[in-house]
Amino acid sequence: MSELKIYNSYTRQKEVFKPITPGHVGMYVCGPTVSGESHLGHARPYITFDVIYRYLTHLGYKVRYVRNITDAGHFEEEGREAEDKISKKAVLEKLEPMELVQKYTNLFHWAMDQFNNIRPSIEPTATGHIVEQIEMIKKIIDEGYAYVVNGSVYFDVKKYAASHDYGKLSGRVMDELLETTRQLEGQDEKRDKADFALWKNAAPEHIMRWQSPWGVGFPGWHIECSAMSTKYLGPQFDIHGGGMDLQFPHHESEIAQSTICNHTAPVRYWIHNNMITINGRKMGKSYNNVIKLTEMFSGNHPLLDKAYSPMTIRFFILQTHYRSTLDFSNEALKAAEKGLKRLWEAYETLQKLLPEGTGEKPGDPQLDEKVKKLLLEMDEFMNDDFNTAKVLANMFELVPIINSVKDKHIPASALSQPTWDLFRRYFKLYLEDILGLKSEAQQEDGKLEGVIRLLIDIRKEAKARKDYATSDKIRQQLQELGILLKDEKDGSVTYTFA
RNA sequence: GGUUCGGUGGCCGAGUGGCUAGGCAGAGGUCUGCAAAACCUUUUACAGCGGUUCGAAUCCGCUCCGAACCUCCA
């Protein structure tokens, strides 16, 4: 089997993955700011990194997956009124800040569960790590790379850039940065426009505030991730993930802070997922084109033709490589929904097939080879920078084979027993364990099952005496209730819920 | 304006030099009392113009178009 290769945003190339500690992987992913409801755009990184987490685990690594909750609000707009995003909204909604934080954290967790994302190993909050952040800032000041002004602390980017590669991750050069950084009011405190805040003095009306050596205030945006990743993963860890939009300034600043504080580059492999776009535009608050996850699941949004289930969205996202933009449209979502249904039904068929007459030797060596190749290739695809799109394409190529065996167009003995075993094992491994898809069929209650079976029996009797009016009526009315009957080749009848 | 990344058939999307991606939709067929499903076959591509090469969607140049970042953002 080939080695796992990961596209490292820092070096802009695919690199063979080698963990720092053999057998173990430390992975940090920037989590949500819980000042509002999660939207479709948030689904992308957490599903992407969930699959990465699952795959690394499958490869045998013991993974510590840390994903933070940003509950200490950043500046609404740096330089202007240093308002805390979370505390501002809390006033509007007449809620305690932490009440708001809890509400949206709960909602976020609920959405992640809907997507079948495995919960991270550690989910630290920014407010729970103020002490660590203050300690880190102190160290940076001691190192001479930060300065205090009026109760605020700023990172000295110019000084850092003189001896370090500030801008490498985001592909920026220092001179341009100085010129192109937008001129904002009240920036006088900073020595340089490119400097960023580590700690911000809190105005009296600012609700979220903590005592620090520099006065009462709150932490800057970037320091929380550095403090928490250092605490739980060490000064240097394997993987740091997040959306591409976080590359600058967030991740660039994280690198600078951690490097000064810990005297080592914090991250070995930077992984960035691309954005979900809507009409070619990134989904985001500033564009006013946000579809919240609750709206996706309910269909209750002007842009949505219908509701889309969490698994449809998961599948939709995994059909694209994580570094490509993914364009939202009803047409694309509906296509994903149908495709997933077909794939999932074939998967269930495969698990139920009990191939008879298969032996060690395949009846159709060519087909047997083809199946094996398509299955084993999936490992190669995942190893090539987590190419879930190609994995799914191979699975779809195998669907007609499953269905043909079911319909007896192809004898089960065409494939050898070992190939059948591999087939079943890989479909389960990839669909459920690695891609994290699951059945969305409602939990059937035994009574409903019994009633449907009864109707199927009555219909069968009606058909036997060619009373098609009755048999069609049963099929038609069940369909209106969302229960689809299928007459199988062998005369049996199966049903699915629409 | 600067930096970076893209433009693939009706729609979504793989694909970094030669080998059918795949899904959805469309067309024809098989099966079926009919239907659905399934299976088989099948139409429509690589923004434009040059160049490199035996050979380019894939490399290089130019042009046009779009996006992300430079401000909170997944």
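Naming: A, B, ... by sequence-line order, numbering from 1 per chain.
No engagement by A:Thr494 is indicated, since no non-hydrogen atom pair under 4.0 Å with the nucleic acid exists. When heavy atoms are screened at a 4.0 angstrom cut-off, A:Arg12 is found touching the sugar-phosphate backbone but no base atom. Nucleic acid contact class of A:Thr496 (heavy atoms, under 4.0 Å, all strands): none. Within 4.0 Å (heavy atoms only), A:Leu246 reaches sugar-phosphate atoms of the nucleic acid but no base atom. Backbone-only engagement by A:Asp407 is indicated by non-hydrogen atom pairs under 4.0 Å involving sugar-phosphate atoms exclusively. Using a 4.0 Å heavy-atom distance criterion, A:Leu333 is classed as making no nucleic acid contact. Note on A:His250: nothing from the nucleic acid sits closer than 4.0 angstrom, heavy atoms only.
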Protein-nucleotides 23-28 of chain B N/O pairs closer than 3.5 Å?
from	atom 1	to	atom 2	distance (Å)
B:G23	OP1	A:Arg342	NH2	3.3
B:C24	OP1	A:Arg342	NE	3.2
B:A25	OP1	A:Lys338	NZ	2.3

Every protein N/O lying under 3.5 Å from an N/O of nucleotides 64-68 of chain B:
from	atom 1	to	atom 2	distance (Å)
B:A68	OP1	A:Lys282	N	3.2
B:A68	OP1	A:Tyr287	OH	3.1

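With C1' as the reference atom, B:C72 and B:C65 are 29 Å apart, rounded to whole Å. As rounded to the nearest Å, B:G66 and B:A27 have P atoms that lie 35 Å from one another. Atom P of B:U53 sits at a distance of 16 Å from the matching atom of B:C60, rounded to the whole Å. Rounded to whole Å, the P atom of B:A21 lies 15 Å from the corresponding atom of B:U41. Atom name C1', nucleotides B:U58 and B:C46: the rounded distance is 10 Å, in whole Å. Nucleotides B:A14 and B:C64 have their C1' atoms positioned 26 Å apart, rounded to a whole Å. Here the separation of B:U43 from B:A37, taken at their P atoms, is 23 Å to the nearest Å. Across B:A38 and B:C31, the matching C1' atoms stand 9 Å from one another, rounded to whole Å.
At a cut-off of 3.5 angstrom, counting only N and O atoms as typed in the model, there is no donor on one side facing an acceptor on the other between the side-chain of A:Asn394 and the base of B:G22. Side-chain to base pairing of A:Asp487 with B:C34: one donor and one acceptor N or O lie within less than 3.5 Å of each other.
The side chain of A:Asn273 contributes no N or O atom lying less than 4.0 Å from OP1 or OP2 of B:A74. Within the 4.0 Å cut-off from OP1 or OP2 of B:G33, not a single side-chain nitrogen or oxygen of A:Ser471 is found.
Every residue two or more places apart in sequence or in another chain was checked for a ring-ring contact (aromatic ring centres under 6.0 Å, His included) with A:Phe49, and none qualifies. Residues forming a side-chain contact (heavy atoms from CB on, under 4.5 Å) with A:Ala256 (at least two apart in sequence, or on another chain): A:Phe155, A:Tyr160, A:Tyr166. With sequence neighbours excluded, the residues satisfying side-chain contact (heavy atoms from CB on, under 4.5 Å) with A:Ala111 are A:Leu293.
Annotated stems with RNA chain B as a participant read B:1-7 with B:64-70, B:10-12 with B:22-24, B:26-30 with B:38-42, B:47-51 with B:59-63, given as range with range, by first number; only runs of 3 or more Watson-Crick or G-U pairs under 3.5 Å qualify.
Between A:Ile474 atom CD1 and B:C34 atom P the separation is 19 Å, expressed in whole Å. Note: CD (A:Gln13) to C1' (B:C5) measures 17 Å, nearest angstrom. Computed from coordinates, the A:Lys370 NZ to B:U20 P distance equals 12 Å when rounded to whole Å. The distance between atom CZ of A:Phe196 and atom C1' of B:U71, rounded to the nearest whole Å, is 16 Å. With rounding to whole Å, A:Asp385 atom CG is found 11 Å from B:U16 atom P. One interatomic measurement links the two molecules: CG of A:Leu375 to P of B:G22, which rounds to 16 Å at whole-angstrom precision. Residue A:Leu367 contributes atom CG, which lies 11 Å from atom P of B:C40 at whole-angstrom precision. For the pair A:Leu326 CG and B:G6 P, the computed distance is 16 Å after rounding to whole Å.
Taking the side chain of A:Ser286 as heavy atoms from C-beta on, and the options B:G13, B:C72, B:C39, the nearest nucleotide is B:C72. Closest to the side chain of A:Ala393, out of B:A74, B:G22, B:C34, is B:G22. Distances from the side chain of A:Pro249 to the nucleotides B:C70, B:A36, B:A74 place B:C70 closest. For A:Phe248, whose side chain is taken as the heavy atoms from C-beta onward, the closest listed nucleotide among B:C69, B:A74, B:A14 is B:C69. Counting only heavy atoms from C-beta on, A:His409 has its side chain closest to B:C39 among B:A37, B:C39, B:G33. The listed nucleotides are B:G33, B:A74, B:C72; the one nearest the side chain of A:Met283 is B:A74. Closest to the side chain of A:His321, from the set B:C34, B:A37, B:G15, is B:G15.
Along RNA chain B, the nucleotide nearest to A:Ser404 and the one nearest to A:Arg44 differ in position, and the one closer to the 5' end is contacted by A:Ser404. Comparing A:Leu392 and A:Gly243 by the nucleotide of RNA chain B whose heavy atom lies nearest to each, the residue mapping closer to the 5' end is A:Leu392.
Ion pairing between A:Glu345 and A:Lys486 holds under the 4.0 Å rule for side-chain N and carboxylate O. Taking a cutoff of 4.0 Å between a charged side-chain nitrogen and a carboxylate oxygen, A:Arg459 and A:Asp472 do not qualify as a salt bridge.
With a 4.5 Å cut-off on side-chain heavy atoms, A:Phe386 and A:Lys5 do not count as touching. Annotation: side chain of A:Lys292 is not in contact with side chain of A:Ser38 (no heavy-atom distance under 4.5 Å). Using a 4.5 Å cut-off on side-chain heavy atoms (C-beta onward), A:His42 and A:Met283 make no contact.
For A:Phe427 and A:Trp344, the ring centers are positioned 6.0 Å apart or more. Checked against the 6.0 Å centroid criterion, the rings of A:Tyr53 and A:Tyr46 do not qualify as a close aromatic pair. Between A:Tyr269 and A:His240, the distance from one ring center to the other does not fall under 6.0 angstrom. A ring-centre distance under 6.0 Å is found for A:His251 and A:His272.
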Take A:Asn288 and A:Ser286 through the test side-chain hydrogen bond (donor to acceptor under 3.5 Å, both in side chains) and record every step on the way to the result.
CA-CA 6 Å; A:Asn288 246 323; A:Ser286 12; over 6 Å; no

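The closest donor-acceptor contact from the side chain of A:Trp420 to the backbone of A:Ala412 lies under 3.5 Å. Judged purely by atom type and a 3.5 angstrom limit, A:Ser471 uses its side chain to pair as donor or acceptor with the backbone of A:Tyr468.
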